[in-house]
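In what follows, a single structure is set out as C-alpha cells and then discussed.
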Amino acid sequence: TQYSLLANAFAEYEIVKSLKVKYLGGIEYFMNRLYDLDPIYDRGDYANTIVNVVDNFGQSINWLSDLTLNYERTLGRHRFTALGGVSAQKFTGRGVNVTGNGALTNALDQLSGQTTYAVNGTPGENGIYSYFGRVFYSYNDRYLLTATVRRDGSSRFGPENKWGTFPSASVGWVVSEEPFLKNRNWLANLKLRASYGLTGNQDIPNFRYIGLVGTANYVNGNAIAPGFAVGSPPNVSIRWEAQKQTDLGLDLGLWGNRLTLTADFYDKTSDGLLTNLQLAPSTGTTGALTKNAGVISNRGWELSIGTVNTTGRVKWTTNLNLTWNRNNVEDLGFDAQGNPARLSGFTIGAPIGTIANLTTAGQPISSFFGYVWDGIYQTGEADAAKAVNSLLRPGDRKYRDLNNDGKIDASDRAFLGSPHPTFFGGITNSVGYKSFTLSVFADFATGHSILNVQRQFSESGNYVLWQTRAMLD
C-alpha cells in the first residue's frame, strides 16, 4: 500500500515598480506499507518448509522553500534584469523492516507466530541551503550577457567543506540583428553563443564525513557472536564535486526558419569525483571510504537540424539530431595499496572471472573488461584444454593467453571496449492534418560495445537448461 501527497504554494508581490518579491514553497509526503507472506508449499523440485513473513514500513517528507527578489528595467536599447534569492530544502525519511520465519504450519501466518526474527531500520535526513544571484544585460537585443553565482551548503559534507561556490557566465551575439544583415530576407536568425560555468554534485550517502557503524559478527571463544564494526570510515575532507563545462554554440535560421540549425561544441570535466574506495579487510571496516578521487571528461559536438517541408493543410516537419562524444577517465587516484585505483562495475558468473566492466584512468568509464574469447576447444585439443585448467574439455570456451605463460589467469584480462557510443543520433518526421498528427522516430548509435548477458547463460556450459544450438558446434 502506498500513499503520497504533493502540495505547492506560490505568492508574488510588487514592492515598487519593476521590483517584485516571490515566494514558492512545496512539500511531498510519501508512505509505503508492505506485508508479505511466503507460506509452506511443496511443488516437486520447489518447496518451502517454513513460513516466512515480512512487514515493512517507510515514510518520507521532502520540503522546499524559495524566496527571490527580481528587478527588471529597460532604458531605451538597454534591458537589465537582476535576481537574488535564498533556497532551503530538507529530506527526512525513516523505514523499518521486520522479517520472521520458523512456523511449521500456514495457520501461523502472522509475525507473532514465528520463531526467528530480524529487524533493521533505515533512518536518515539531509538538507541543503543556498544563496544565488543572476544578472542579465541586453543591448538592443543584439549583445547579450548573463552572469550567475550560487553558494550551496550541504549537510552531507563536514563543517570545513560544507559550502561550495559555483559561478557561470555566458555571452551571445545576435549577428542577424546587425545592420549589414538585418534586411536579408533569406536570413531569419544567426546567433553566436559562448558559456562557461561550474555546477556542484553532492550525491553521496548521508554522514560519510563522520563515518557509520554497522553490524558485524566476531568470534567469542568457540562461537560466533553479533557485534558492531565501522561500516564506513570517516573522511572529514570530502567536498563538493565540481563539474566544469565550456560551450560554444551557433544558432541559424534560414528562409523564415524553414531550415534551422543548432551546433554546439562542449567540454565538460568532473573534478573531485565522489567515489567509494574499497579498503582492505585488515582495516577492520566492512564498507568503503567515500572520497574525492577522480577526474572524468566528456568532449564532443551536438548538431540539430530542423526543416519545415510543407505548410498549409498538411504540415510536414523533420528534425535530425547528431552527437559525437568522447568519454575518458583522466584520473582516479590510488587505492589502499598505493596502486592506481580501479572501480569494479557489473559482474556476471563466468567460467573464469566475474568482472564485466572496470573504471580506471586512461579508459572510458565502465569499460568492458575480461578475457579475450578465442573460439572453443575442439575434439583434438583435449590436452591443450587440460593444460590450461584441469576442468576444461573440448566444447568449452577458449580464452587468449595474452602474456604467453601457458595458463589463463587474472593477468590475461584486458579492456574489451566502451559501453558509450562515440556517435549517435535520431530523426523524427511529423505529418499533421487538421487535428491528427503522425510521428515516426528512428535512432542509431555506433562506436560502442554491448554485453550480451543472455549468452552467459545460454552458451557458457555452466547450466543444464536454456542452452543454444551454438553449444553443438
Side-chain angles (χ1 to χ4, degrees), residues 6-28 62-91 126-157 161-177 189-203 239-251 262 264 266-272 302:
L6 180 64
N8 295 288
F10 165 83
E12 187 177 58
Y13 177 73
E14 187 172 27
I15 303 174
V16 295
K17 184 179 180 181
S18 301
L19 181 63
K20 295 181 179 179
V21 62
K22 176 181 176 181
Y23 173 78
L24 176 64
I27 186 171
E28 181 180 13
N62 186 12
W63 61 262
L64 173 68
S65 181
D66 288 347
L67 182 65
T68 58
L69 195 64
N70 187 64
Y71 177 77
E72 296 183 4
R73 188 69 184 271
T74 300
L75 296 173
R77 298 180 178 182
H78 303 272
R79 184 159 56 94
F80 175 80
T81 301
L83 180 142
V86 294
S87 175
Q89 183 176 12
K90 185 175 182 180
F91 173 86
N126 62 78
I128 184 171
Y129 194 83
S130 306
Y131 304 92
F132 54 88
R134 183 181 71 239
V135 175
F136 170 78
Y137 171 75
S138 169
Y139 174 74
N140 202 28
D141 292 328
R142 186 186 309 167
Y143 308 110
L144 314 173
L145 171 65
T146 302
T148 66
V149 64
R150 62 179 300 129
R151 184 163 173 79
D152 299 313
S154 171
S155 64
R156 290 177 170 171
F157 303 108
N161 298 292
K162 186 180 299 294
W163 292 91
T165 303
F166 308 102
S168 65
S170 65
V171 294
W173 178 25
V174 185
V175 186
S176 54
E177 289 297 314
N189 179 47
L190 176 59
K191 181 180 179 182
L192 302 178
R193 299 175 281 105
S195 64
Y196 174 81
L198 276 70
T199 57
N201 177 30
Q202 51 133 13
D203 190 14
R239 55 179 171 80
W240 284 86
E241 174 185 324
Q243 299 175 348
K244 310 171 186 178
Q245 179 162 337
T246 301
D247 187 275
L248 303 175
L250 165 72
D251 298 325
T262 300
D264 284 275
Y266 61 88
D267 186 344
K268 181 178 180 180
T269 301
S270 297
D271 190 11
E302 292 181 341

remark   = Output for pair (Glu12 CD, Asn70 CG), nearest 0.5 Å, gives 8.0 Å
message = I'd like to check the side chain to side chain donor-acceptor pair (under 3.5 Å) partners of Ser168; sequence neighbours left out, ordered by chain and number.
response = Thr148
remark   = Taken in chain and number order and not counting sequence neighbours, the residues that satisfy ring pair (Phe, Tyr, Trp, His ring centres under 6.0 Å) with Phe91 are none
request  = With rounding to the nearest 0.5 Å, note down the distance linking CG in Asp152 to OG in Ser87.
outcome  = 8.5 Å
task = Tell me, yes or no, whether the heavy-atom count around Phe10 atom CZ, taken from other residues, nucleotides or ligands under 6.0 Å, exceeds 12.
result = yes
query = At what distance, to the nearest 0.5 angstrom, does CG of Leu250 lie from OG1 of Thr262?
reply = 7.5 Å
ask   = Any salt bridge (Lys or Arg N to Asp or Glu O under 4.0 Å) pairs touching residues 161-174, not counting sequence neighbours?
value = none
query = Of all residues at least two apart in sequence or in a different chain, which pass the side chain to side chain donor-acceptor pair (under 3.5 Å) check with Thr165?
reply = Arg151
message = Under the rule for side chain to side chain donor-acceptor pair (under 3.5 Å), what residues qualify as partners of Tyr129, not counting sequence neighbours?
response = none
Closest non-hydrogen atom pair, Ala194 against Leu248 = CB-CD2, 3.7 Å
note = By side-chain contact (heavy atoms from CB on, under 4.5 Å), Arg77 pairs with (sequence neighbours left out) Tyr139, Asn140
inquiry  = For the backbone of Ser170 and the side chain of Thr146, can you confirm whether one donor and one acceptor N or O come within less than 3.5 Å of each other?
reply    = no
key: By ring pair (Phe, Tyr, Trp, His ring centres under 6.0 Å) - contacts of Phe80 (at least two apart)   = none
task = Identify, with sequence neighbours excluded, every residue that meets salt bridge (charged side-chain N to carboxylate O under 4.0 Å, His left out) alongside Asp66.
result = none
task = Can you sort out the partners of Ser154 under side chain to side chain donor-acceptor pair (under 3.5 Å), two or more places apart, ordered by chain and number?
result = Gln202
Qualifying salt bridge (Lys or Arg N to Asp or Glu O under 4.0 Å) pairs, either residue in residues 128-143, two or more places apart = Arg79-Asp141, Arg142-Glu178
ask   = Roughly how far, to the nearest 0.5 Å, is CG of Asn62 from CG of Asn126?
value = 8.5 Å
query = Measuring from Tyr266:OH to Gln245:CD, what's the distance to the nearest 0.5 Å?
reply = 8.5 Å
note = Taken in chain and number order and not counting sequence neighbours, the residues that satisfy side-chain contact (heavy atoms from CB on, under 4.5 Å) with Arg239 are Asn161, Asn292
task = For the residue pair Phe166 and Trp240, categorise the inter-ring angle as parallel (less than 30°), tilted (30 to 60°) or perpendicular (more than 60°).
result = perpendicular
From Leu83 atom CG to Phe136 atom CZ, the distance as rounded to the nearest 0.5 Å = 13.0 Å
request  = May I ask you to test the Asp203-Arg156 pair for a side-chain heavy-atom distance under 4.5 Å?
outcome  = yes
Distance-only criterion, 3.5 Å: show the donor-acceptor pairs between side-chain atoms of residues 14-28 and protein atoms not counting sequence neighbours.
from: Glu14; atom 1: OE2; to: Ser18; atom 2: N; distance (Å): 3.3
from: Ser18; atom 1: OG; to: Glu72; atom 2: O; distance (Å): 3.0
from: Tyr23; atom 1: OH; to: Ser65; atom 2: OG; distance (Å): 3.2

